[in-house]
Amino acid sequence: MSNLIENIPIQSQLGSNVKYTTKDFQSDQEVRWCPGCGDYSILAQAQRIMPDIGIPKHQIVFVSGIGCSSRFPYYLDTYGFHGIHGRATAIASGVKLAQPDLSVWVVTGDGDGMSIGGNHLIHLLRRNIDVNVLLFNNQIYGLTKGQYSPTSEKGKITKSTPYGSLDYPFNPASLALGASATFVARTLDRDPKHLQSILKRAHGHKGTSFVEIYQNCNVFNDGAFFQFTEKATKDDSVIYLEHGKPLIFGKEKDKGIRLNGFSPEVVSLKEGKASIHDLLVHNETDTTLSFILADMTYHSHMPRPLGVFLSIERPTYENEMQRQIEFAIEKRGEGNMEKLLNSGETWTIQ
Amino acid sequence: MSNLIENIPIQSQLGSNVKYTTKDFQSDQEVRWCPGCGDYSILAQAQRIMPDIGIPKHQIVFVSGIGCSSRFPYYLDTYGFHGIHGRATAIASGVKLAQPDLSVWVVTGDGDGMSIGGNHLIHLLRRNIDVNVLLFNNQIYGLTKGQYSPTSEKGKITKSTPYGSLDYPFNPASLALGASATFVARTLDRDPKHLQSILKRAHGHKGTSFVEIYQNCNVFNDGAFFQFTEKATKDDSVIYLEHGKPLIFGKEKDKGIRLNGFSPEVVSLKEGKASIHDLLVHNETDTTLSFILADMTYHSHMPRPLGVFLSIERPTYENEMQRQIEFAIEKRGEGNMEKLLNSGETWTIQ
Amino acid sequence: MREKKIKNLDEATIRFAGDSGDGMQLAGTQFTNTTAILGNDLSTLPDYPAEIRAPQGTTSGVSGFQIHFGSTEINTPGDSCDMLVAMNAAALKVNLHSLIKGGSIIANTDGFNDKNLKLAGYSSNPLKDESLSTYQVFEVDITKLTITSLQEMNLSSKLADRSKNFFALGMMYWLYDRPLEPTLKWLAEKFANKSDIREANIRVLKAGWNYGETTELFKVRYAVAPARLAPGKYRNITGNQATAWGLMAAAQKAKIDLFLGSYPITPASDILHELSIYKNFGVKTFQAEDEIAGITSAIGASFAGALGATTTSGPGLSLKTEALGLAVMVELPLIVVNVQRGGPSTGLPTKTEQADLLQALYGRNGEAPLPVIAAATPSDCFHVVYESARIAIKYMTPVICLTDGYLGNGSEPWLIPDYEKLPDIIPHFRTDPIGFLPYERDEITLARPWAIPGTPGLEHRIGGLEKQNLTGNVNYEAANHELMVRLRSEKIERIANDIPTAEIEGDRQGDVLVVGWGSTYGAIKTAVQRHRAKGHHVSQLHLRYLNPMQKNIGAIISRFKTILVPELNLGQLIKIIRADYLVPAVGLNKVQGAPFLAEEIEVKIDELIKGH
Amino acid sequence: MREKKIKNLDEATIRFAGDSGDGMQLAGTQFTNTTAILGNDLSTLPDYPAEIRAPQGTTSGVSGFQIHFGSTEINTPGDSCDMLVAMNAAALKVNLHSLIKGGSIIANTDGFNDKNLKLAGYSSNPLKDESLSTYQVFEVDITKLTITSLQEMNLSSKLADRSKNFFALGMMYWLYDRPLEPTLKWLAEKFANKSDIREANIRVLKAGWNYGETTELFKVRYAVAPARLAPGKYRNITGNQATAWGLMAAAQKAKIDLFLGSYPITPASDILHELSIYKNFGVKTFQAEDEIAGITSAIGASFAGALGATTTSGPGLSLKTEALGLAVMVELPLIVVNVQRGGPSTGLPTKTEQADLLQALYGRNGEAPLPVIAAATPSDCFHVVYESARIAIKYMTPVICLTDGYLGNGSEPWLIPDYEKLPDIIPHFRTDPIGFLPYERDEITLARPWAIPGTPGLEHRIGGLEKQNLTGNVNYEAANHELMVRLRSEKIERIANDIPTAEIEGDRQGDVLVVGWGSTYGAIKTAVQRHRAKGHHVSQLHLRYLNPMQKNIGAIISRFKTILVPELNLGQLIKIIRADYLVPAVGLNKVQGAPFLAEEIEVKIDELIKGH
Ligand SMILES: Cc1ncc(C[n+]2csc(CCOP(=O)(O)OP(=O)(O)O)c2C)c(N)n1
Ligand SMILES: Cc1ncc(C[n+]2csc(CCOP(=O)(O)OP(=O)(O)O)c2C)c(N)n1
Ligand code: SF4
Ligand code: SF4
Ligand SMILES: [Mg+2]
Ligand SMILES: [Mg+2]
């Protein structure tokens, strides 16, 4: 068996000593999103954290599908693959399995990743290939100029639904959890710090990381997430999940989430009815809890959870594959084609 | 706007008076599954309940994909459509939207429905089109002669995985719940009564019903569910979910499920440590609880839940579509092509 | 105010060009509608970038809209334009090549500041240097004039700036002597609830007109008299709208519901958008999760007795490949509209091309023949789609209907058809259970019966496995398979008996026959007419039916010395022509994401004539 | 025991037929392997139903395995058989037509009881009535004899019954004078851990042999001497195994990893199964969630420097359509193996056909040319797949490699190639960052560089939008698009410079040239040889390269009066031949889910000769 690495005189082994700056991750391509698009911030945060993750840039690959968001790889000076609609996760799986040492990222949209690409996404998650999936959720099809998407709220009026959309939206986090994901998180374009920290967490996770990023499409769905991003409403509408910490939120940190039986409810910490000790304490490693928290998403009386819902360890597909290969080599010896061709029943004609 | 029904002199309105027998639902086609295949029982139960559901048989349509299980429609004397691999749910969506009065059923396999067809399935579920999906889960690809499927246990040795499969299986119930399903149930081929009751429940539910049916493939995966079907082990390995009832199981009804925080655990009712009042009481209408119960599936120390995990009401897609059409007609009058052609800016040349 | 000189023109071609955010498509569409109402014949070519808003001021962000109109017959959007409105430097840079020598440029001077010049890649300002000396340049500070005209309104400068396309439009209305009323009416409706925007646009539009009227800038105005079109009632229509309406008309005629299962994709999405409006026609639009669900849901709907349809473009057609085979096997009516775009793969999403023909004909596993029909002009989409539906329902078959980005987005005046006189479409729903066999065929058409769920006594099963003749049961026998493969093939071939024979435009015989299909119609027509005007023996044969071909094609072809097949691909129809008729046809191929110029075809014909 | 008479035969064709559960495929395979080891040339045709276990005793449940072997060159599995083993009545019913007049039938009498006769649709027992009078019938109660021979072992009767194929096999070994050892050895390995099954099968096998030896039933035994094949070391191999090994050999030669992204589908799954064994070769097999993930994961792997491959059959190829276009655009090596089966749609999953050629050539949106290569015999799959990989890597292009169900499941002796002497495959991995341009092309091949992630300094982006020449950046310009479309096309055309010219079998010129491709090779060869033996001027031209075609095809074709193109479809290659060379080629088309009989082609050639 050959190893690709043999074929190329590589500095990659020493690459991690290189000190990068954000600029090093900016490609020479003009960024072509609409002015004001939330994608700009996500790109900026990604470029900002890249120098910190300790991976030489030639060992980083960004794979995407089709959509505004999927133009992302062009703007990062790493390896990049702008695939076809919905298939980024499958392409990325091939990249990672072929070269498990690469740091592989997928950028996809709510249409690309949850509509046409929904199946590859859920299969990637259960397989737990170590790929970081960034789903830019703007609750709209941007590139095709504004049709509703699988995450659009029901009743949404768009070009293709002048009377309002009829289908109930996916909650990406719940879907990912239902697909046995090992890392599920949510963040948003307009909180650079949080976004950066989640990107780093995703990178750090061994296995598929699924990150939903709320992203404003100011042209076709402006303000979809303003409740969670704008000063006036944000503090009372959002709850940050932090491992080991009780679930507190509100401008004055005066509200919390308590478990009533198995259903979460909002309680006030002010009126003496509940204290901090009654609150749910977040535990990223608990699958059941992660379901409960993700399920809060479309309940209007509940704050929207942001942060890491779940982060658990499970063997990665590529490691297991590598293990099988090593085991086979150990057991049978390295493959020899000449031998194989001549193995089994043969006969000779003089 | 036309209505199809106008075009055909139909007895269908009066059809429900007809009294059918099981035999009426047997087609003239020879059943071609392997002797001993679990599909036979499922077919028999379906044929048995059909006379009871009160639908004239010309208003019933069975749609399937490709797989052993997907041959199902040929054997039922209703309308049937043996589609292409993975697309039964999408075909059925079209059938139901075109004629909302039909009773539409989908028969699919763990490969057909969860591998190639996973995406259409989850979208059907969130849309809540009133279709009954029967997923025959034999944890193997039967028709293609025994490759592992997305529900096969990890490490499974099959023709395509001589060293054992690497990916973590889907839990169909969790996936369905993550996709915002409104009805999720599980039953098995070897419990005809339970199977029948679940089929009837699925029929009764307005909206997409998702029924996972454990099915023995005695040729390529014999005994996959024997623990849950065979006398010796069954009672201690299975728990039947019944709405409003505490979760009790065991040969001697001596074990129960209690919630510890938000995680379920098995308790003995014998040693005085727990009483029936400590147990979780099943509530089919609680989405959070349904997640918790579905999540028990692959925990080896937990009994396998059978029955209805969730059954909640949400408007069906086809009703909403019909409503929009009616609204549009009310608002704009019935469409007139002649008028439309001549509407807007026109000019005449003499 | 002195009267300006009015010059009468037979035809004119103008192009609006600016940034993607500048509203050039809107200005173009308004000018088109007004021009249509005036009774000119016309043809348009919108041309915009793949990005929603490509970077402002750069050449990649330029959006253009060309309209060719006249008092004579107009077949193309014009090889080149006489008048170019350039809202900024990049717009000039990108479009100058299409301006005729001596043509006019209206340049928005505000769009030629240093930043803009740099973004467009100009080292010196073309308005200041000599480079435009062969053109007539009119410098107008449109931006400033727009903002000035809105001063009283207290709008944000961003909002004010957005109106500048109406200033340009107003000027052009004045220059080409067109009334403001249609646009005023449109503004009143469109912005009924947004009075500030409505008011702003109205003011700016009038300001533009007045600018032409009052300043000394323009010495000449132009008048283009109404065209001598066939008498009747006309409307302007784009290809995508015509497609949507064709589907609706066919379903209405057949008295069945229309079901569209579709997934958005440029440049086909507008058909979905259009159809989703007409819920009061009982049209059911289903935005599916992908193209596969789009077509398979449509097949399901057809099984249940609706007219199932799906609309897409290249990559989407690729995804429908497997399901198309299923539709062939289950023999249900289905319309697949493919609005072709530049390929391969994602290619050039907003550009036009004709490179999906062979895929439409052969892109399925196994022997899976189906009719393929192509539209020639925007309004022809209506008729071609309607005809597709007629065939689909009569022959119980999927039909692929090919249009393209140029047809879909382009528009032209359309002699409104008399709905009553459209050919009948009669679905033969089986209702009699006696002797019912799902695959028994009509003797003439070879169509199987349409037996839909809900019909008592016709319970039956269909699917993608080979079917037994007559019963439709699963059957793997050798002789049955051969029979069924040949029956399915013959059914499609027999459609040739049911379509009009091809008509040649020009002499019945001669030196050069130009054989085309699809949107090249207008360009070929113009080129052939020019040659015929010179007395050359050149004729045109335009194919709407690509499969089966009309019966007299071979005979027509045999009467010409040279066969020329111009296509916006590397040569696809020509393969069929050569294989079927064994003639050494010659190709003219252009793959640039743009339609042919008539001149390109004209030159090629010249070459061939000289070669004789 | 008297010595039985031994009759020497040049060739023989036998067929095992029984229920799907009767193990006929196993018996056939064992007979084949033993026969191969004896040095006969041979060709096999497995033929089984689409159901896993179709209903016992019915005609639809019959599974057959035919083997044609000889001391002469064997090119086909035989038009008809000399000896039919019929395990039950249905097996007789289905297969009798393929038995030559006067041929022998070994009938398992237990399989002709009333129930079996009824299930098979016999109104009277053919063993008892006159209907088989023109054949030699040997009645053997195989079931009972099997059970008897196992009496001592105390097996369940179900288990005992399962061994009866070994009784039949034993008899046939005796009849055709073949040793038991290879099968004994196989049993020992296969059932190393299941001693009762091993032991039972061994006993029954020997009992079958002894039955022939000791009873008076058979008067004659047959001997078939080793074939006079080219000297060298041989093995028996099926097409699917050869395909798997070809991929592995190519990857090893190129010193890169093989990555297979695949989704199971009949009759291609065995390639996936085979490859998944060889983890010690570093082969990575990925059973994807569908065909789209299969091909796109393979494209991803190729991007990362592996040899990406995907294997499928018709419906799966349909699903890969869109991704194939992507592979064309990103210009990465990729092998797509399509094991053709009966279509359209799901069609006849276990039967063979050649009806995916046009799809392979044209089934993509836009202009997306790629090489298409087809295997002629089971062992040829190895060489054709290897050649596909050579071309894919050298030209940085996806390649479609066509085999079919008959080739995939069929087997033949194979002169084992010398691995060292296989052509070099050298991936040109770019490593030098200086002057690196992702779409700069090799001057001769026009291939772009393979610049894989992990290589410092070559960071770049690729994708499905049209790319700028040299840089590979997204580009929508007209001239660039035309240039790129033509470059991609020319790259594929240039492969014609890099492949051997076509060689004609037979005279260089003559009356009839039979042009074939794929698995029809053997049948055409036999038919042509028969005519040549009669002195007719008939030659054979077999195409492995379907795109681009070899450069001398036109010249060869022009030297014959008539061109005959036999195909297992309605006429696909013939379209290309006619379009490219403008010759009135004649088709011979069979679409029955089965290979041509040599005789069918022979007769057609006869017709054409007489027509002259
Ligand atoms: C096969 C295929 N179908 C459809 C399209 C058209 N298309 C391009 S992007 C897109 C959806 C974009 O939405 P999303 O993924 O949410 O990305 P966004 O633009 O919002 O970032 C669609 C439908 C395509 N390019 N290819
Ligand atoms: C497009 C396509 N891909 C692959 C296949 C081959 N195929 C047929 S059934 C099947 C899987 C069957 O598994 P499952 O759905 O679990 O059904 P089962 O046979 O186990 O009932 C596969 C891979 C096909 N028919 N079509
Ligand atoms: S359309 Fe929306 S998502 Fe796309 S670039 Fe513009 S603002 Fe961003
Ligand atoms: S292979 Fe398995 S699932 Fe298929 S028919 Fe046989 S027993 Fe049933
Ligand atoms: Mg989006
Ligand atoms: Mg299965």
Side-chain angles (χ1 to χ4, degrees), chain A residues 86 114-123 125-129 150 154-155 161 163-171 173-182 259 261-264 280 283 286-292 294-296 298 314-321 323-325 327-328, chain B residues 86 114-123 125-129 150 154 161 163-171 173-182 259 261-264 280-281 283 286-292 294-296 298 314-321 323-325 327-328:
Chain A
M114 311 232 58
S115 192
I116 190 168
N119 203 33
H120 309 303
L121 175 63
I122 58 180
H123 281 269
L125 293 171
R126 77 180 180 91
R127 289 194 183 110
N128 204 33
I129 301 175
K154 206 183 148 197
T161 52
Y163 289 79
S165 63
L166 300 175
D167 25 359
Y168 190 84
F170 279 136
N171 173 13
S174 293
L175 185 69
L177 292 168
S180 303
T182 57
L259 209 56
F262 30 77
S263 294
L280 254 180
N283 179 354
D286 189 300
T287 48
T288 314
L289 178 60
S290 70
F291 273 119
I292 297 174
D295 200 37
M296 284 165 51
Y298 295 136
R314 211 167 60 213
T316 66
Y317 190 100
E318 71 275 14
N319 276 354
E320 303 268 278
M321 184 179 254
R323 241 182 9 87
Q324 286 192 339
I325 290 177
F327 170 78
Chain B
M114 312 232 58
S115 192
I116 190 168
N119 203 34
H120 309 304
L121 174 63
I122 57 180
H123 280 271
L125 294 171
R126 77 181 180 89
R127 288 191 185 112
N128 203 34
I129 300 175
K154 204 182 150 196
T161 51
Y163 290 79
S165 64
L166 301 175
D167 24 359
Y168 190 83
F170 278 137
N171 172 15
S174 293
L175 186 68
L177 292 168
S180 302
T182 57
L259 210 56
F262 29 78
S263 293
L280 252 180
V281 173
N283 178 354
D286 190 300
T287 47
T288 314
L289 177 61
S290 68
F291 272 121
I292 296 174
D295 200 37
M296 284 165 51
Y298 293 136
R314 212 168 58 211
T316 67
Y317 190 100
E318 70 275 13
N319 276 355
E320 303 268 279
M321 183 180 255
R323 243 183 6 88
Q324 286 192 341
I325 290 177
F327 170 79

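A note on names: the letters A, B, ... follow the listed sequences, proteins ahead of strands, and every chain is numbered from 1.
A donor-acceptor pair under 3.5 Å links the side-chain atoms of A/Ser165 to the main chain of A/Gly155, judged by distance alone. The backbone N or O of B/Ser115 lies less than 3.5 Å from a partner atom in the side chain of A/Asn119, making a donor-acceptor pair.
If you measure heavy-atom distances from A/Arg314 to chain B, the contacts under 4.5 Å come from the side chain alone. For a residue to count as touching a neighbouring chain, one of its non-hydrogen atoms must lie under 4.5 Å from one of that chain's; by this rule A/Leu289 touches chain B with backbone and side chain alike. Residue contact with chain A, scored on non-hydrogen atoms closer than 4.5 Å, involves the backbone of B/Met114 exclusively. In this structure, the portion of B/Ile116 lying under 4.5 Å from any heavy atom of chain A is its backbone and not its side chain. Of the two parts of A/Asn128, neither the backbone nor the side chain holds a non-hydrogen atom closer than 4.5 Å to a non-hydrogen atom of chain B. Only the side chain of A/Phe327 comes within contact range of chain B, with at least one heavy atom under 4.5 Å from a heavy atom of that chain. For a residue to count as touching a neighbouring chain, one of its non-hydrogen atoms must lie under 4.5 Å from one of that chain's; by this rule B/Pro315 touches chain A with the side chain only. Residue A/Ala173: no heavy atom, backbone or side chain, is found under 4.5 Å from chain B.
For B/Asn283, the side chain to side chain donor-acceptor pair (under 3.5 Å) partners two or more places apart in sequence, or in a different chain, are B/Thr285. Residues that satisfy the side chain to side chain donor-acceptor pair (under 3.5 Å) test with B/Thr161, not counting sequence neighbours, are B/Thr158.
Between chain B and the residues A/Ala176, A/Pro264, A/Gly164, the most heavy-atom pairs under 4.5 angstrom are made by A/Gly164. For the set B/Arg127, B/Glu320, B/Arg126, the entry with the most heavy-atom pairs within less than 4.5 Å of chain A is B/Arg126.
Ring planes of A/Tyr168 and A/Tyr298: perpendicular class, angle over 60° (limits at 30 and 60°).
Within the 4.5 Å cutoff, side-chain heavy atoms of A/Leu166 are placed close to those of B/Gln324. B/Phe291 is not listed as a side-chain neighbour of A/Ile292, based on a closest heavy-atom distance of 4.5 Å or more.
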